[in-house]
Amino acid sequence: PTLRGFHSFFGFYTGASGHFDHTRGHGYDFRRNTRPLFNVEGAYSTDVFTDKATDIIKKHNFKKKPLFLYLSYQAPHAPLEVPNEVFKKIKTTGNAARDVYRAMVYKLDEGVGKAVKALKMS
């Protein structure tokens, strides 16, 4: 993305990488701009994206210039993974895949809410 007009990039190049280990196949794929970012290994991608977005919003000076923030979450795409504490918050249906997906959407909604709150407070 930084070679195609974006000032900065935070995320992955491939799809379907693990939400916690950020790997696909045998390769690690989570980056800040063009370099691998290993300090997020083990962190849930929805939380990582939410934290980064809210940090950018809070630090931005909206009086000097507008902000274009393209926040594209990995969830709820495969693989179906979610932190256990989030899974425990949802009502289960008996369909394991559907329940994990529902928990991923729950966590995604929570993250979007935090980003919107940060925007409203700025």
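Hydrogens, waters and symmetry mates play no part in the numbers below; they use all other heavy atoms, side chains included.
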Quick check against the 3.5 Å criterion: does Y28 have a side-chain atom that pairs as donor or acceptor with the backbone of L37? yes
Is the backbone N or O of P79 less than 3.5 Å from a side-chain atom of H19, with the two atoms forming a donor-acceptor pair by type? yes
Going by salt bridge (Lys or Arg N to Asp or Glu O under 4.0 Å), name the residues that satisfy it together with K63, two or more places apart in sequence or in a different chain. none
How far does [atom1] of [X] sit from [atom2] of [Y], to the nearest 0.5 angstrom?
X    : Y    : atom1 : atom2 : answer
H77  : S72  : NE2   : OG    : 7.0 Å
K114 : D109 : NZ    : CG    : 11.5 Å
D99  : I90  : CG    : CD1   : 4.5 Å

If hydrophobic residues (ILVMFWY) are linked whenever their side-chain heavy atoms come closer than 4.5 Å, directly or via other members, who joins M121 in its cluster? none
For side-chain contact (heavy atoms from CB on, under 4.5 Å), just list the numbers for V86 and E110, CA-CA rounded to whole Å, side-chain angles, deciding distance to a tenth of an Å, and then say yes or no. CA-CA 11 Å; V86 177; E110 185 179 81; 5.7 Å; no
Which pairs of donor and acceptor atoms, one on a side chain in residues 5-17, lie under 3.5 Å apart (sequence neighbours left out)?
residue, atom, partner, partner atom, Å
T14, OG1, D29, OD2, 2.8

Grab the two heavy atoms, one from [X] and one from [Y], that are nearest each other, plus how far apart they are.
X    : Y    : answer
H60  : K65  : NE2-O, 2.8 Å
V48  : A43  : CG2-CB, 3.6 Å
K107 : D47  : CE-OD1, 2.7 Å
I57  : A115 : CD1-O, 3.8 Å
P76  : L108 : CD-CD2, 4.0 Å

[X] versus [Y]: any side-chain heavy-atom pair under 4.5 Å?
X    : Y    : result
L119 : L69  : no
T46  : M104 : no
Q74  : E81  : no

Can you establish whether the number of heavy atoms outside F62 located under 6.0 Å from its atom CZ is more than 12? yes
Answer yes if [X] and [Y] sit in the same cluster of Ile, Leu, Val, Met, Phe, Trp and Tyr residues linked by side chain heavy atoms under 4.5 Å apart, and no otherwise.
X   : Y    : result
I56 : F49  : no
F87 : V105 : yes
Y73 : V82  : no

Mind telling me whether F20 and Y44 have parallel, tilted or perpendicular rings, with 30° and 60° as the class edges? tilted
